[in-house]
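I have placed the structure first, in the form of structure tokens, so that the comments after it can refer back to it.
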Amino acid sequence: MMDTSNWDWEKGVKVISKINDCDAETEWLTEPYASPDGEKVAVLAKTEEGFDVCVNAKAWGQTFDNAWYPRFSPDGRLTCVASTDMEWTLAVDGEPWPETYGYIWNTMFSEKGDVIAAAIQQDGTYGMAINGEQVGELYETASEFTLSADGKRTAAVVQVQSMDAADIFTFQQGCYSVAVDGQAWDIKVVNAWTPTFSPDGSRVAAQMRSSLYDYTIIVDGTPWSKNFAMVWDPCFNPKTGTVVAPVRMAGKWGMAENEQVIWDPVYFQLWEQKFSPDGNNLYAICAPQYGRWTVVHNNNTWNVLVNTMLTDLTVSPDGQRAAAAAKEKDKWTIMADDALWPQWYDMVWTPVFSPDSKHIATKVEKPGKKLTVAIDGKHYKEDFTHCWEPVFSPDSQKVLIRGVQGGKFKRIVAKVNEF
């Protein structure tokens with residue numbers, strides 16, 4: 001979890017920088033990216049020589065042939081995928097990793113931000129790198145790249161058996177596996193998806209297609225003994241270490257735990273399951289009726305329904321509440337505690353709970369592409385042309401708003417009761 005205790009939580013407005021300013025000669029600038037603490041704003045800058053990066057209007061002074069995908073780590077460092085002389089690497093606060101690759105993408109961070117990882121391609125083979133060093137072996141293909149929460153371990157779906165185009169017979173025998181720390185499990189499967197680490201990073205589970213018609217969950221290289229018509233992403237119970245996944249049986253979806261069905265298959269759809277931190281509460285998004293969506297809590301469905309989409313399920317720190325982004329026809333709101341917020345928007349983003357679990361905040365888009373932050377169904381008094389997800393103070397009494405007004409990036413700390 002990101003440590004926000006050392007951030008400036010003094011109430012007020014701070015103008016950080018103009019987003020179109022840069023102390024280098026530039027031809028054009030990209031859209032801005034804000035740091036998690038709101039103290040920095042970055043833009044990619046096209047110069048006569050190539051690409052540079054401006055942070056708070058000050059250029060790195062490091063020019064690349066190409067650069068893209070700027071992302072701040074949770075600890076506030078700025079990363080950027082960059083190339084020079086046809087070789088790609090990751091630049092961190094202006095310093096490129098010493099190692100270069102045929103290509104690099106999908107930057108990932110540990111929860112604290114002290115570890116930075118990325119997917120890499122070298123000479124037509126694929127894998128991952130951590131802090132600039134290749135992890136284990138590279139493979140013919142790789143996808144579904146994953147980093148453990150502490151950043152010490154990696155996992156990905158990899159191809160371990162070559163096959164020619166349209167060679168369906170080799171494909172059906174199994175060409176894929178999961179590589180953990182760059183070493184593939186012994187088993188070969190038809191397909192695998194979404195390798196997932198346990199909270200302590202010691203174990204890995206993934207979806208597995210064992211034949212053209214059978215799916216199950218594989219944990220640390222050993223498949224469940226039962227197959228299902230389909231499965232979705234597995235997750236670990238943080239308290240017991242058991243693995244839970246939605247499974248499809250006889251045309252409906254239920255929930256299985258260590259291959260035993262714990263929620264009968266009565267749902268038209270069931271996914272995005274999330275445990276409370278203590279492991280005692282399991283929430284998921286479900287469709288109890290065809291095309292109607294709600295939240296299910298420990299196999300008890302909420303009564304409120306929406307007809308188009310429900311996504312980005314989030315569980316409160318105390319495990320007693322959950323919220324998700326809900327779409328009804330062409331409008332969005334937040335579904336929380338078996339109710340919908342009264343305000344509807346053109347778009348809402350992932351809901352965020354305060355540390356004391358009492359408040360829910362999210363970034364919203366009002367008509368006219370006006371962006372702002374809403375808490376508990378009430379939005380902030382000002383609008384922005386760019387806005388980022390809100391962050392609560394450790395005491396849950398304030399919220400950090402990061403937004404652009406009139407070409408200026410502002411860091412605003414507001415009290416929750418101002419909404």
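For the single chain, residues carry numbers from 1 onward in sequence order.
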- Item | Matching residue for Trp388 among Tyr33, Phe72, Phe409 - test: ring-ring contact (aromatic ring centres under 6.0 Å, His included) | Phe409
Side chains of [Y] and [X]: any donor to acceptor distance under 3.5 Å?
X      : Y      : result
Ser110 : Asp114 : yes
Glu389 : Thr350 : no
Gln161 : Thr170 : no

- Message: For Glu133, is the CD atom crowded, meaning more than 12 foreign heavy atoms sit under 6.0 Å from it?
- Response: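 12 or below, so no.
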- Query: Crowded around Lys46 NZ? As in, over 12 foreign heavy atoms under 6.0 Å?
  - Reply: yes
Look at the side chain of [X] and the backbone N and O of [Y], then say whether any donor-acceptor pair between them is shorter than 3.5 Å.
X      : Y      : result
Asp376 : Ile360 : yes
Tyr139 : Gly182 : yes
Gln405 : Asp383 : yes
Tyr283 : Gly319 : yes

Is any side-chain heavy atom of [Y] closer than 4.5 Å to one of [X]?
X      : Y      : result
Ile130 : Leu147 : yes
Trp97  : Thr79  : no
Glu39  : Asp37  : yes
Thr372 : Cys387 : no

- Query: Does the side chain to side chain contact (heavy atoms under 4.5 Å, CB included) test come out yes or no for Arg402 and Phe384, once each step is laid out?
  - Reply: CA-CA 9 Å; Arg402 299 167 291 162; Phe384 306 90; over 6 Å; no
- Query: Are Lys252 and Phe268 in a cation-pi contact, defined as NZ or CZ under 6.0 Å from the six-membered ring centre and within 45° of the axis?
  - Reply: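 Yes.
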